[in-house]
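First up is the structure itself, then whatever we jot down about it.
The model shown is predicted, which means the values in this text are computed figures rather than measured ones. Keep in mind that the numbers below use all heavy atoms, side chains included, and drop hydrogens, waters and symmetry copies.
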Amino acid sequence: SMFTEDFNQHWNQIAPDIEGRWDSVESLRDQYNWDRLDKTYSYAKQNGLVFLQYRLIWGSNHSAWVATIPAAELALEIEEWIQEYCQRYPATDVLEVVGEAIQGHLPSNQAYKAFGNKWIERVYQLARRHCPNSALIFSDYHVLRYQTEEFLELAKPLAKAGLIDGIGIEAHQIEDMSAIDIQSALDTLWYELQV
């Protein structure tokens with residue numbers, strides 16, 4: 001078994017890592033391996049855990065074949081990936097659609113190639129269409145400390161368009177921040193993202 005007997009006594013949600021990434025599921029074009037992701041999803045649903053899918057589109061989350069196809073085909077393949085995921089796991093509670101899109105982090109060059117400057121918005125539109133029952137999340141790191149404005153520049157249009165239901169904060173390098181500073185940063189994000 002992938003899970004210890006006491007897992008759901010200690011945790012109320014589960015998020016797959018490598019087994020949920022596009023490059024793991026579709027390492028060869030149109031050949032899907034859902035096995036490990038199926039097990040994680042089934043375990044979550046059978047045990048009443050929140051199922052959080054981690055990054056449908058991410059800079060380092062592409063198989064080699066993805067980089068070899070023209071933009072128009074790539075756009076169709078990205079939609080196919082999102083649609084296939086959503087059809088298979090319609091009860092995904094939380095869906096982190098795009099992660100680490102701040103310039104200098106891991107923005108998806110392939111999604112940019114497929115959709116141009118509005119790639120983030122387009123990917124969220126696809127996720128909203130195909131996973132209508134999931135809470136859609138936009139996530140990045142250094143948001144609480146160093147790159148709040150850069151994150152807000154990307155997140156605000158998504159919030160205004162109704163394409164995200166929340167944000168994800170990766171807590172990198174906050175170990176020496178005080179609780180007051182963390183609360184202040186969270187309050188700023190909350191205030192700025194109200195539409």
Checklist entry - Does a salt bridge link D165 with R128, judged by any charged N lying under 4.0 Å from a carboxylate O? => result yes
Item to check | Partners passing salt bridge (charged side-chain N to carboxylate O under 4.0 Å, His left out) against D23 (at least two apart in sequence or in another chain) | outcome: none
Checklist entry - Just by modelled atom types, is the I120 backbone N or O under 3.5 Å from a matching donor or acceptor in the Y112 side chain? => result no
Item to check | ring pair (Phe, Tyr, Trp, His ring centres under 6.0 Å) against Y54, all qualifying residues, sequence neighbours excluded | outcome: none
Next on the checklist: I'd like to check N47 versus Y43 (side-chain heavy atoms, cut-off strictly below 4.5 Å). Are they in contact?
Outcome noted: yes
Item to check | Pairwise distance CZ(R88) to CH2(W34) - rounded to 0.5 angstrom | outcome: 6.5 Å
Item to check | Ion pair E170/R55, N-O distance below 4.0 Å | outcome: yes
Next on the checklist: When you compare the side chain of I137 with that of L52, does any pair of heavy atoms fall below 4.5 Å?
Outcome noted: no
Checklist entry - Just by modelled atom types, is the T92 backbone N or O under 3.5 Å from a matching donor or acceptor in the Q53 side chain? => result no
Checklist entry - Backbone N or O of L74 within a donor-acceptor pair of the K113 side chain at under 3.5 Å? => result no
Next on the checklist: Parallel, tilted or perpendicular, judged at 30° and 60°: which one describes the rings of W11 and F7?
Outcome noted: tilted
Item to check | Residues R29, E73; criterion salt bridge (charged side-chain N to carboxylate O under 4.0 Å, His left out); working and verdict | outcome: CA-CA 12 Å; R29 190 173 185 180; E73 279 184 55; 3.0 Å; yes
Item to check | Qualifying residues under ring pair (Phe, Tyr, Trp, His ring centres under 6.0 Å), relative to F115, sequence neighbours excluded | outcome: none
Checklist entry - Do the side chains of L189 and L144 get nearer than 4.5 Å, heavy atoms only? => result yes
Next on the checklist: I'd like to check V50 versus N12 (side-chain heavy atoms, cut-off strictly below 4.5 Å). Are they in contact?
Outcome noted: no
Checklist entry - What distance do S27 atom OG and R21 atom CZ have between them, rounded to the nearest 0.5 Å? => result 14.0 Å
Item to check | Under 3.5 Å donor-acceptor, S139 side chain and I169 backbone | outcome: no
Checklist entry - Between N33 (side chain) and D35 (backbone), is there a donor-acceptor pair under 3.5 Å? => result yes
Checklist entry - Looking at the rings of F151 and F138, which for Trp means the six-membered one, are their centres under 6.0 Å apart? => result yes
Checklist entry - Is the count of non-hydrogen atoms from other residues, nucleotides or ligands lying under 6.0 Å from E153 atom CD greater than 12? => result no
Checklist outcome for this item: Here the gap from Y41 atom OH to Y85 atom OH, rounded to the nearest 0.5 Å, amounts to 7.0 Å
Checklist entry - Under the 3.5 angstrom rule, does the side chain of Q194 hit a backbone N or O of W190 as a donor-acceptor pair? => result yes
Next on the checklist: Does anything in residues 35-72 form a disulfide bond (SG atoms under 2.5 Å apart)? List the pairs, not counting sequence neighbours.
Outcome noted: none
Checklist entry - How many angstroms lie between CD in E79 and NE2 in H130, if you round to the nearest 0.5 Å? => result 3.5 Å
Next on the checklist: If I take atom NZ from residue K160 and atom CG from residue L193, how far apart are they, to the nearest 0.5 angstrom?
Outcome noted: 13.0 Å
Next on the checklist: My understanding is that only residues two or more places apart in sequence, or in another chain, count here; which of them pass side chain to side chain donor-acceptor pair (under 3.5 Å) with D176?
Outcome noted: R145
Item to check | 4.5 Å side-chain heavy-atom contact, S108 and W58 | outcome: no
Checklist entry - Excluding sequence neighbours, so at least two apart, what forms side chain to side chain donor-acceptor pair (under 3.5 Å) with E26? => result W22
Checklist entry - Any donor and acceptor pair, going by atom type alone, linking the side chain of T40 with main-chain N or O of P16 inside 3.5 Å? => result no
Checklist entry - Are any side-chain N or O atoms of T68 and backbone N or O atoms of W65, one a donor and one an acceptor, separated by less than 3.5 Å? => result yes
Item to check | Donor-acceptor pair, side chain of Y124 and main chain of V98, under 3.5 angstrom | outcome: yes
Checklist entry - Between H105 and Q147, do the side chains contain an N or O donor and an N or O acceptor separated by less than 3.5 Å? => result yes
